[in-house]
Amino acid sequence: QVQLVESGGGLVQPGGSLSVSCAASGRTFSNYAMGWFRQAPGKEREFVATISGSGGSTDYGDSVKGRFTISRDNAKNTVYLRMNNLKPEDTAIYSCARGRGSSIRKRSEDYDYWGQGTQVTVSS
């Protein structure tokens, strides 16, 4: 069983930055793409970012392109999301997920394990 544990959420002012992390259990972390999704109250889950198993390919949702950066450290079984120039509309629970394969993917159906999520609140 794979476990994903997010950390690093919190409260930040508009225009500020925040990083969240996701630590994965298991020995084959580099074989799988990882993704970040978010869900705000009353809204559907939204794709945020994905990174391939090797870390060589990434992709982002339109609303975060140019502001967010996904990265991973396969030696530490950890994926990161660096969020810059945060806006109130970025407020959501951010969850990481493991892809069903090594290539990048945007659909939630293409992920099989999910973390519990971490709250990110952008407010003055």
Visitor: How about V64 and K87: do any of their side-chain heavy atoms sit closer than 4.5 Å?
Guide: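 Side chain of V64 against side chain of K87, heavy atoms only: no contact under 4.5 Å found.
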Visitor: In residues 10-28, what donor-acceptor pairs under 3.5 Å come from side-chain atoms, sequence neighbours left out?
Guide:
unit_1, atom_1, unit_2, atom_2, d
S17, OG, N84, OD1, 2.9
S19, OG, R82, NH1, 3.1
S25, OG, Q3, N, 2.8

Visitor: Quick one: which of D73, N74, T78 gives a side chain to side chain contact (heavy atoms under 4.5 Å, CB included) with F29?
Guide: N74
Visitor: Nearest 0.5 Å, please: how far is CG in L86 from CE in M83?
Guide: 5.5 Å
Visitor: Just wondering, do F68 and W36 contact through their side chains at under 4.5 Å, heavy atoms?
Guide: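 W36 does not reach F68 side chain to side chain.
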Visitor: Do any pairs count as a side chain to side chain donor-acceptor pair (under 3.5 Å) and have a residue in residues 42-51, sequence neighbours left out, and if so which ones?
Guide: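 Applying side chain to side chain donor-acceptor pair (under 3.5 Å) to every pair that reaches into residues 42-51, excluding sequence neighbours, yields R38-E46, E46-S63, T50-Y111.
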Visitor: I want to check something: taking the side chain as every heavy atom from C-beta on, are Y94 and V48 in contact at a cut-off of under 4.5 Å?
Guide: yes
Visitor: Does the side chain of I51 come within less than 4.5 Å of V79's, by heavy atoms?
Guide: yes
Visitor: Hey, is CD on Q116 packed in by over 12 heavy atoms from elsewhere, all under 6.0 Å?
Guide: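 At most 12 heavy atoms, drawn from other residues, nucleotides or ligands, come within 6.0 Å of this atom.
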Visitor: Which residue pairs pass the salt bridge (charged side-chain N to carboxylate O under 4.0 Å, His left out) test with at least one member in residues 49-58, sequence neighbours excluded?
Guide: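 The answer is none; no pair qualifies.
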Visitor: Given the rule in the side-chain contact (heavy atoms from CB on, under 4.5 Å) test, do R100 and R105 qualify, once you have shown the distances and angles that lead to the verdict?
Guide: CA-CA 9 Å; R100 298 183 187 274; R105 49 206 65 219; 4.0 Å; yes
Visitor: Do S102 and Y32 make a side-chain contact, defined as non-hydrogen atoms from C-beta onward lying under 4.5 Å apart?
Guide: no
Visitor: Looking at W114 and S95, what are the two nearest heavy atoms and their distance?
Guide: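 It is CE3-CB, 4.3 Å.
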Visitor: Do R67 and D90 make a side-chain contact, defined as non-hydrogen atoms from C-beta onward lying under 4.5 Å apart?
Guide: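 Counting from C-beta outward, R67 and D90 do come under 4.5 Å.
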